[in-house]
Amino acid sequence: EVKTPQQQAGIDVHRLLEKMLKEGPAANTQPESEIGSWARALYPLAPAGALSELGYEFAFSPHVLSNKLDWIAPDWSEFGDFKTTAGPKWALAGPDASPAKQQAALEGDLQANVEAQGFMTITSRDSVPVRWCYVDKRNPKSAWTVRGVMTRARTEAFLAEKAVPWMRLIESL
C-alpha cells in the first residue's frame, strides 16, 4: 500500500516508540532527526514501564473489530495513543484545553471509543482512563496529553449510534 510522506512518518515514529518502550530511550539512536525528535517528545508522556502495542479483537453488535493500542500502563490501569500532528488545531484538544474539553473531545472520537470499548471488553472493566499523547511536528518541544475517562455505557452508545450504521453501509456495498 502506497503511503504519503506524512503517513510514513507516523508509521516510522510509532515503530521507534515501540522500540523505545521495549528497550528504553537509548533505542532512539538518532534523536535529532525529525522522527527521533518526535519520539523523544512523546516517549515521556506514557507512564514509566508502559507496555507497547497490544493487538486485540472484540465483538460488537455483531461485528468483530480488531485494533492495536500504542501503549498500556504496566498495571493495565490505562492505555494511550501516540499522535504526531501539524499543530494543536489538528488535535482533539490543544495543550491548554480544560479537563472538560479534553473529556468531551475523547468521547466524540471514533478511535478513542473503539479502543476504549475493546480495552474494557478484554479487561472486563466498566471504565478506563485514556491518554492521547500529542507532539507538534513543527515544534517537537511542544508535546501535550489529552486525558479522559471512557465508560462502557458511553462507548457502547457512541458505537451503536455512530459506528454500526457505517459498518452496515460498508457491508451492503
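The first residue of the sequence shown is numbered 1, and numbering continues consecutively from there.
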Less than 4.5 Å apart, any side-chain heavy atom of [X] and any of [Y]?
| X | Y | result |
| --- | --- | --- |
| Phe158 | Leu110 | yes |
| Leu51 | Leu21 | no |
| Ser52 | Lys19 | no |
| Pro129 | Ser77 | no |
| Tyr43 | Phe82 | no |
| Lys68 | Leu54 | no |
| Arg131 | Asp81 | no |
| Val135 | Trp144 | no |

Would [X] and [Y] show up in the same hydrophobic cluster when neighbours are defined by side-chain heavy atoms closer than 4.5 Å?
| X | Y | answer |
| --- | --- | --- |
| Val13 | Leu45 | yes |
| Trp90 | Trp132 | no |
| Phe79 | Val146 | yes |

List the atom of [X], the atom of [Y], and the distance in Å for their closest heavy-atom pair.
| X | Y | result |
| --- | --- | --- |
| Leu42 | Cys133 | CD2-O, 3.2 Å |
| Pro74 | Ala48 | CG-O, 3.4 Å |
| Leu16 | Ala39 | CD2-CB, 3.6 Å |
| Pro140 | Ser37 | CG-OG, 3.6 Å |
| Glu107 | Val149 | OE2-O, 4.5 Å |

If you round to the nearest 0.5 Å, how far is [atom2] of [Y] from [atom1] of [X]?
| X | Y | atom1 | atom2 | answer |
| --- | --- | --- | --- | --- |
| Lys83 | Trp38 | NZ | CH2 | 15.0 Å |
| Glu23 | Asn28 | CD | CG | 11.0 Å |
| Trp76 | Thr123 | CH2 | OG1 | 8.0 Å |
| Thr84 | His14 | OG1 | NE2 | 7.0 Å |
| Arg125 | Met150 | CZ | CE | 13.0 Å |
| Trp71 | Leu17 | CH2 | CG | 12.0 Å |

Start with the C-alpha gap between Arg147 and Val130, add the side-chain angles, then the distance that decides, and say whether side chain to side chain contact (heavy atoms under 4.5 Å, CB included) holds.
CA-CA 6 Å; Arg147 295 174 185 259; Val130 300; over 6 Å; no
Check: [Y] main-chain N/O paired with [X] side-chain donor or acceptor under 3.5 Å:
| X | Y | value |
| --- | --- | --- |
| Glu78 | Val128 | no |
| Tyr134 | Leu92 | yes |
| Thr85 | Gly87 | yes |
| Asp70 | Gly80 | no |
| Arg138 | Ala86 | yes |
| Gln102 | Ala97 | yes |
| Asp109 | Ala105 | no |

* Hey, mind stepping through Gln117 and Leu159 against side chain to side chain contact (heavy atoms under 4.5 Å, CB included) and telling me if it holds? -> CA-CA 9 Å; Gln117 181 66 27; Leu159 293 173; 3.8 Å; yes
Margin query: Pair Thr151, Met120 - check side chain to side chain contact (heavy atoms under 4.5 Å, CB included), show working.
Written below: CA-CA 8 Å; Thr151 66; Met120 288 183 286; 5.5 Å; no
field: Arg154 atom CZ, neighbour heavy-atom count above 12 within 6.0 Å
entry: no
**Request:** Answer yes or no: is there an ion pair linking Arg40 with Glu32, defined by an N-O contact shorter than 4.0 Å?
**Result:** yes
Note to self: Any donor-acceptor pair under 3.5 Å linking the side-chain atoms of Gln8 with those of Asp12?
What the structure shows: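 Result is yes, a qualifying pair exists.
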